[in-house]
Amino acid sequence: MFKTLDDIGSGKRVLVRLDLNSPVEDGIVKDNRRFVRHARTVRELLEAGHRVVVMAHQGRPGRDSFIPLDQHADLLAEYVEHPIAFVDDVYGDPAVDAIRSLDAGEILMLENVRMCDDELPEKPPEAHADSEFVRTLADEFDCYVDDAYSVAHRSHASIVGFPLVLPAYAGRVMAAEYEANSSIANRAFDGPVTMVLGGAKATDVIDVMSALDDEIDHYLLGGIVGELFLRAAGYDVGFDVGDGELYDHQWANNEDRIRELLAERGDRINLPVDLAYEGATGERAERPVDGVSKTQPLLDVGSDTVERYAALVEDSAAVFVKGALGVFEDERFSHGTVGLLETIATTDCFSVIGGGDTSRAIELYGLDEDYFSHVSIAGGAYVRALTGQSLPGVEVLERGRAE
Ligand SMILES: Nc1ncnc2c1ncn2[C@@H]1O[C@H](COP(=O)(O)OP(=O)(O)O)[C@@H](O)[C@H]1O
Ligand SMILES: O=C(OP(=O)(O)O)[C@H](O)COP(=O)(O)O
C-alpha cells in the first residue's frame, strides 16, 4: 500500500499532480467533477500549511483540446475557495522563480505539463526520474503527492518520475479511486456481483468481460455493446443504419470475442429483451427484440429490460457500472441508464459507477453521488483496474521512497 496525506506532516513544499483534463468547447474548459474532487485534496494541503504547486495536463499536442491551464487555475480556485496563481511555464526560470516566491498556505499552478517534451514519452520510471524536467523540479520540493488516479495508466514523467526522487504520497482522490476500483480483485462480497456494461466503446467492455470470469455473477448489457451481443445471438440489430458509424467497425473488430463470451458465459450474460427508438411523432417507442428489424437507430433498452435488470441489481451485493444503457443525454432515452442508477441508489449494495460519460448521468438527472459507494472520475484507468491490470502510477507510489 502507499502512504497518504495523513503521513506528510505540515509546512512542506509540496508538488501535487492532479488530473484536470476536461472537455473543451470552442476553447472554453467545461467544468466537471474532477475540479470538485481534487479541490478537497488541495484544500487539505493548504490547511496543513504547505506551499502547494499543482502540476496537471490538458489534451495532447496536435489536438484542439491541447490548451494552457490558466482557465483550470481559475476553476479550481473557485472550488478550493482560495486564489491560485498561474505561471505559463513548467520548469524553466519563470516557474522556478514563482515556486520559490510562494509562502506557506499559498498555491501556484504550473503550465500544461504536456507542453514539456520530457513528459509524454512512455518510459520506465527510472528513465523519467533522470529527465531534466523531473530533476529540476524535484530540487524545489520536499515531497510529491499524486492525486491523478485517472492518468495512472500512463507511464509519463509527471506520474512515474517524481516518486523515485522525492518522498511520495497518494492524495485523497488517488486513494479513494484505487480502493473502490480495485475491489473486484481485492474484496470478497457476501452475495452476487453484477456488472452493468454499455456505452459506445465495445472493445473496453469486452476487455473487462474477458479479464473477469468467476468473479461476476450477472452481466447486464445495453447500449451499443448490448446491440452487438444481440447481433451475435441472432437478432436483426447491431449494425449501422443510415449514415451511422457506430456498429459495423466495432463488430468487425470484436465479433469473435463476442461469440466466444456468449458461448462460454451465456447463462450469466443478460441481453436486452426490448429496445427503444424514436416513434413517428418524435415520442419514445419500444419493441421486443424478437420483433425488431433494425431500420432506424435504437437508442435505449426497453421497460421490460429495465425491470429484469433492476431485479438482479436488487439481489446483488456489489454492482459495477461501465457505460450507459442508452443515449441518456436525451431524456426520452435515459430510462435504462437512469432507471438502473436509481435502483442501485436505493439498494444498499456496494456500488461503483465509472466511465466519464456514464457518470455524467448522475448529475444530469439530479441523483445524489452519496447514494453510491464510489463515482469514479477515471475512464481508461477505471477499465484497467476492472480488468485487474496494475497501473504504473500506482505501482511506483507503492514502491516510492515515502518515509
Ligand atoms: N444505443 C445507443 N446509440 C448511440 N449511443 C449510445 C447508445 N447507448 C449509449 N450510447 C452513448 O454511449 C455514451 C457512453 O459511452 P462510453 O463513452 O462508452 O461510456 P463511458 O465514457 O461512460 O465509459 C453515452 O454518451 C451514450 O449517449
Ligand atoms: O482524461 C483522461 O483519461 P480518460 O479519458 O480515460 O478519463 C486522462 O487525463 C488521461 O488522458 P490521456 O488519455 O490523453 O492520456
Side-chain angles (χ1 to χ4, degrees), residues 5 14-46 50 52-61 63-91 95 98-99 106-116 119-120 133 137 144-154 156-162 169-178 354-357 359-360 363 369 375-382 391 393-394 397:
L5 299 196
V14 178
L15 177 65
V16 58
R17 176 62 158 103
L18 308 180
D19 184 6
L20 301 174
N21 193 33
S22 303
V24 175
E25 271 177 26
D26 301 323
I28 306 295
V29 174
K30 305 268 284 182
D31 194 359
N32 63 85
R33 53 162 66 76
R34 285 184 175 168
F35 289 93
V36 188
R37 296 284 179 84
H38 286 303
R40 292 180 205 153
T41 297
V42 168
R43 206 175 311 121
E44 193 175 333
L45 290 169
L46 289 173
H50 300 302
V52 180
V53 174
V54 175
M55 199 164 48
H57 74 276
Q58 173 62 55
R60 282 180 177 247
R63 298 198 184 152
D64 288 347
S65 59
F66 184 57
I67 60 170
L69 294 192
D70 50 332
Q71 295 179 62
H72 301 71
D74 291 343
L75 265 173
L76 186 64
E78 283 176 32
Y79 289 109
V80 181
E81 296 177 344
H82 192 287
I84 298 181
F86 172 71
V87 60
D88 59 353
D89 185 37
V90 182
Y91 70 97
I99 293 166
E106 287 186 344
I107 173 168
L108 166 75
M109 188 180 294
L110 303 176
E111 182 54 288
N112 188 343
V113 74
R114 290 186 176 176
M115 290 185 182
C116 150
E119 169 67 359
L120 275 170
F133 157 51
L137 273 190
Y144 167 81
V145 171
D146 188 358
D147 213 26
Y149 177 88
S150 44
V151 208
H153 54 310
R154 309 287 185 215
H156 293 165
S158 65
I159 302 294
V160 299
F162 291 98
Y169 305 88
R172 297 300 181 206
V173 172
M174 169 63 81
E177 290 273 359
Y178 173 76
D357 286 312
S359 52
R360 265 195 302 122
E363 60 214 56
E369 270 194 19
V375 178
S376 178
I377 55 170
Y382 176 61
L391 306 173
V394 171
L397 271 188

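If you're wondering where the values come from, they're calculated on a predicted model, not measured in any experiment. For the single chain, residues carry numbers from 1 onward in sequence order. Only this structure's heavy atoms are used, side chains among them; waters, hydrogens and symmetry mates stay out.
Of all heavy-atom pairs between Tyr149 and Tyr382, the closest is CE2-N, 4.5 Å. Between Gly59 and Asn21, the shortest heavy-atom distance links the atoms N-OD1, 2.9 Å. Met174 and Ala170 get closest at one heavy-atom pair: CG-CB, 3.6 Å. The nearest pair of heavy atoms linking Ser359 to Val375 is CB-CG1, 3.7 Å. Nearest heavy atom pair, residue Asp19 against residue Ala148, reads N-CB, 3.8 Å. Heavy atoms only, all atoms of each residue included: Ala152 and Ile159 are closest at CA-CG2, 4.4 Å.
Separation of atoms CD (Glu111) and CG (Leu69) is listed at 5.0 Å; rounding is to 0.5 Å. To the nearest 0.5 Å, atoms CG (Leu76) and CD1 (Ile107) are separated by 6.0 Å. Summarising the geometry, atom OG1 belonging to Thr41 is positioned 11.0 Å from atom CG belonging to Leu46; distances are rounded to the nearest 0.5 Å. Here the CD atom belonging to Glu369 is positioned 4.5 Å from the CZ atom belonging to Arg37, to the nearest 0.5 angstrom. Ser158 OG to Asp146 CG: the interatomic distance, rounded to the nearest 0.5 Å, is 8.0 Å. Rounding to the nearest 0.5 Å gives a distance of 8.5 Å between CG of Asp70 and CG of Asp88.
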Side chains of residues 77-87: which donor-acceptor partners sit under 3.5 Å, not counting sequence neighbours?
unit_1: Tyr79; atom_1: OH; unit_2: Asp31; atom_2: OD1; d: 3.3
unit_1: Tyr79; atom_1: OH; unit_2: Asp31; atom_2: OD2; d: 2.5
unit_1: His82; atom_1: NE2; unit_2: Gly105; atom_2: O; d: 3.2

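Proximity of Phe162 to Leu137: side-chain heavy atoms (C-beta onward) are separated by under 4.5 Å at one or more points. Residues Gln71 and Ile28 are in side-chain contact: their nearest non-hydrogen atoms beyond the backbone lie under 4.5 Å apart. Proximity of Val145 to Leu15: side-chain heavy atoms (C-beta onward) are nowhere separated by under 4.5 Å.
Shown here are the salt bridge (Lys or Arg N to Asp or Glu O under 4.0 Å) partners of Arg60, two or more places apart in sequence or in another chain: there are none. Listed by chain and residue number, Arg360 satisfy the side-chain hydrogen bond (donor to acceptor under 3.5 Å, both in side chains) test with Asp357 (two or more places apart in sequence, or in another chain).
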**Item:** side-chain contact (heavy atoms from CB on, under 4.5 Å) between His57 and Phe66, worked out
**Value:** CA-CA 9 Å; His57 74 276; Phe66 184 57; over 6 Å; no
**Asked** What do the steps show when you test Asp147 against His38 for side chain to side chain donor-acceptor pair (under 3.5 Å), and what is the final call?
**Response** CA-CA 7 Å; Asp147 213 26; His38 286 303; 2.9 Å; yes
**Request:** Go through the steps to decide whether His156 and Arg114 satisfy the test side-chain contact (heavy atoms from CB on, under 4.5 Å), and finish with yes or no.
**Result:** CA-CA 9 Å; His156 293 165; Arg114 290 186 176 176; 3.6 Å; yes
**Message:** As a quick check of understanding, evaluate side-chain contact (heavy atoms from CB on, under 4.5 Å) for Val53 and Leu110, giving each step before the final call.
**Reply:** CA-CA 7 Å; Val53 174; Leu110 303 176; 3.6 Å; yes
**Message:** Go through it in stages, so that I can follow the logic: the residues are Asn112 and Gln58, the test is side chain to side chain donor-acceptor pair (under 3.5 Å), and I'd like the CA-CA distance, side-chain angles, deciding distance and then a yes or no.
**Reply:** CA-CA 6 Å; Asn112 188 343; Gln58 173 62 55; over 6 Å; no
**Message:** Could you walk me through whether Leu45 and Leu5 satisfy the side-chain contact (heavy atoms from CB on, under 4.5 Å) test, starting with their C-alpha distance in whole Å, then the side-chain angles of each, then the deciding distance to 0.1 Å, before giving a yes or no?
**Reply:** CA-CA 8 Å; Leu45 290 169; Leu5 299 196; 4.1 Å; yes
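Checked by atom type and distance alone, the side chain of Arg172 never pairs as donor or acceptor with a backbone atom of Arg40 at under 3.5 Å. A donor-acceptor distance shorter than 3.5 angstrom exists from the side chain of Ser22 to the backbone of Leu20, with no hydrogens or angles considered.
Defined by atom type and a distance below 3.5 Å, a donor-acceptor pair is present between the side-chain atoms of Glu177 and Ser376.
Using a 30° and 60° split on the angle between ring planes, Tyr91 and Phe133 fall in the tilted class, from 30° to 60°.
At a threshold of 4.0 Å, the pair Glu119-Arg17 counts as salt-bridged, since one of the basic side-chain nitrogens sits closer than that to a carboxylate oxygen.
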